[in-house]
Amino acid sequence: MLHVVATPIGNLADLSPRAIDALRGAAAIACEDTRRTWQLLSHCEIPRPAEMFSYRQGNEERVTEKVLSLLAEDKDVALCSDGGYPGISDPGYRLIRACAKASIPYDVVPGASAVEVALLMSGLSTSSFTFRGFPPRGPGALRNWFAEDSDKEHTLICYESPFRVGATLAAALDALGDREAAVCIELTKMHERVSRGYLSDLVDEFKDAKVKGEVAIVIAGSNPKFTRKA
């Protein structure tokens, strides 16, 4: 069986007992970065499996075939990324899809996800939300990307490079208007930081800021109570 294992997004103590069992019992581990995963295994005193290999963007097709051959030999394989859920803005979808289409059994071992943590840390509405992964880089494409949700009431969540936070917030302000938002940096880690406010305030805060670490941006939906009044 394939075990799709969510791993901590920062704090290693967030790895669940079930996830530890899945990693410990796997004959092979397919992971985004073998060095990162080995650090996690060592922290949890999990022996290195007989096979541990990288499953990343660029080799997904080839390694998917390798994992499928291991599963055909009745071996348990664990799939994980550097943090969070495999397949959610991380490699993994191709393998999961292949198993689903071939009726190969797999399970998902729940765990930490930056999406839900960022949503709750933002203090914004949790009744409905949309996660859109990483936005495009080009200025026009970026503005249009946000404009697609301009009339939607759901809370919007995306990831962003620490080098593009200011530009992304400015594009959001231009496309969506001055709504409440939050910038979540290094969630669950030692230097966790959350900046909350209206988009115009956050644009000023991050315009020339040097951000370090992983970033999630949360923006309120189209609702007067979350929009700055003129």
Side-chain angles (χ1 to χ4, degrees), residues 1-71 73 75-99 104-121 131 133-134 157 159-162 184-194 211-216:
M1 177 179 283
L2 175 69
H3 303 280
V4 181
V5 181
T7 53
I9 60 175
N11 192 322
L12 298 184
D14 292 336
L15 190 69
S16 72
R18 184 180 167 202
I20 291 173
D21 288 343
L23 293 170
R24 190 186 302 276
I29 296 177
C31 53
E32 190 173 2
D33 186 328
T34 55
R35 294 167 298 181
R36 289 279 296 272
T37 300
W38 177 236
Q39 290 176 354
L40 178 63
L41 297 180
S42 299
H43 175 81
C44 297
E45 299 182 346
I46 299 172
R48 191 183 184 100
E51 293 191 73
M52 187 163 73
F53 44 85
S54 178
Y55 184 94
R56 64 183 187 280
Q57 186 176 4
N59 76 355
E60 286 183 83
E61 184 172 356
R62 175 176 57 82
V63 178
T64 290
E65 294 303 318
K66 178 175 182 176
V67 173
L68 293 177
S69 67
L70 290 170
L71 294 171
E73 298 171 5
K75 293 182 177 178
D76 282 344
V77 180
L79 171 68
C80 62
S81 65
D82 289 347
Y85 284 85
I88 308 297
S89 286
D90 273 332
Y93 164 75
R94 187 187 294 270
L95 175 57
I96 295 167
R97 176 66 175 166
C99 288
I104 296 172
Y106 66 91
D107 64 359
V108 177
V109 182
S113 169
V115 176
E116 288 84 357
V117 176
L119 175 63
L120 293 169
M121 290 297 289
F131 170 61
F134 284 92
I157 306 169
Y159 294 155
E160 188 50 286
S161 159
C184 306
I185 303 169
E186 292 286 86
L187 289 171
T188 80
K189 299 178 182 177
M190 182 181 298
H191 299 293
E192 177 180 279
R193 170 188 168 197
V194 179
V211 179
K212 293 183 179 180
E214 297 180 344
V215 179

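Values in this document were obtained by computation on a predicted structure and should not be read as measured data.
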Side chain proximity check, Phe131 to Leu119, heavy atoms < 4.5 angstrom: no
Would you say Gln57 has more than 12 foreign heavy atoms packed within less than 6.0 Å of its CD? no
Using a 4.5 Å cut-off on heavy atoms from C-beta on, say whether the side chain of Cys31 contacts that of Leu40. no
Pairs where residues 3-22 contributes a residue and the test salt bridge (charged side-chain N to carboxylate O under 4.0 Å, His left out) is met, not counting sequence neighbours: Arg18-Asp107
Can you check whether Lys66's main-chain N or O pairs, donor with acceptor, with Ser69's side chain at less than 3.5 Å? yes
If you look at every heavy atom in Ser54 and Arg56, which pair is closest and at what distance? OG-NH1, 3.1 Å
Over 12 foreign heavy atoms within 6.0 Å of OH, Tyr93: no
Side-chain heavy atoms of Glu60 within contact of Tyr55, under 4.5 Å: yes
Can you confirm whether Ile88 sits close enough to Ser113 that some side-chain heavy atom of one is under 4.5 Å from a side-chain heavy atom of the other? no
So Thr7 and Arg36, do their side chains get closer than 4.5 Å, heavy atoms only? no
Do Cys80 and Glu32 have side chains that approach each other closer than 4.5 Å (heavy atoms only, starting at C-beta)? no
Work out which heavy atom in Pro110 is nearest to a heavy atom in Val108; give both atom names and the distance. CD-O, 3.3 Å
Once rounded to the nearest 0.5 Å, what's the spacing between atom CG of Leu71 and atom CD1 of Ile104? 6.0 Å
Would a 4.5 Å heavy-atom cut-off, applied to side chains only, mark Lys212 and Pro162 as touching? no
Are any side-chain N or O atoms of Asp76 and backbone N or O atoms of Ala27, one a donor and one an acceptor, separated by less than 3.5 Å? no
Residue list, side chain to side chain contact (heavy atoms under 4.5 Å, CB included) with Glu65, at least two apart or on another chain: Leu68
Least distance between heavy atoms, Ala114 atom then Leu187 atom: O-CD1, 3.9 Å
Considering all heavy atoms, the nearest Ser16-Val109 contact: OG-CG1, 4.2 Å
Which heavy atom of Ala6 sits nearest a heavy atom of Leu15, and at what distance? O-CD1, 3.9 Å
Could you tell me if the side chain of Leu79 sits less than 4.5 Å from the side chain of Ile96, heavy atoms only? yes
Can you tell me how far the NZ atom of Lys189 sits from the CG atom of Asn11, to the nearest 0.5 Å? 10.5 Å
In Å and rounded to the nearest 0.5 Å, what is the OG1 to CE distance from Thr34 to Met52? 5.5 Å
Ignoring hydrogens and geometry, is there a side-chain-to-backbone donor-acceptor pair from Glu186 to Glu214 under 3.5 Å? yes
Drop me the distance from Arg97's CZ to Thr64's OG1, to the nearest 0.5 angstrom. 13.0 Å
Is it true that a side-chain atom of Asp82 and a backbone atom of Asp33 form a donor plus acceptor pair closer than 3.5 Å? yes
Of all heavy-atom pairs between Asp90 and Gly83, which one has the smallest distance, and what is that distance? OD2-O, 3.3 Å
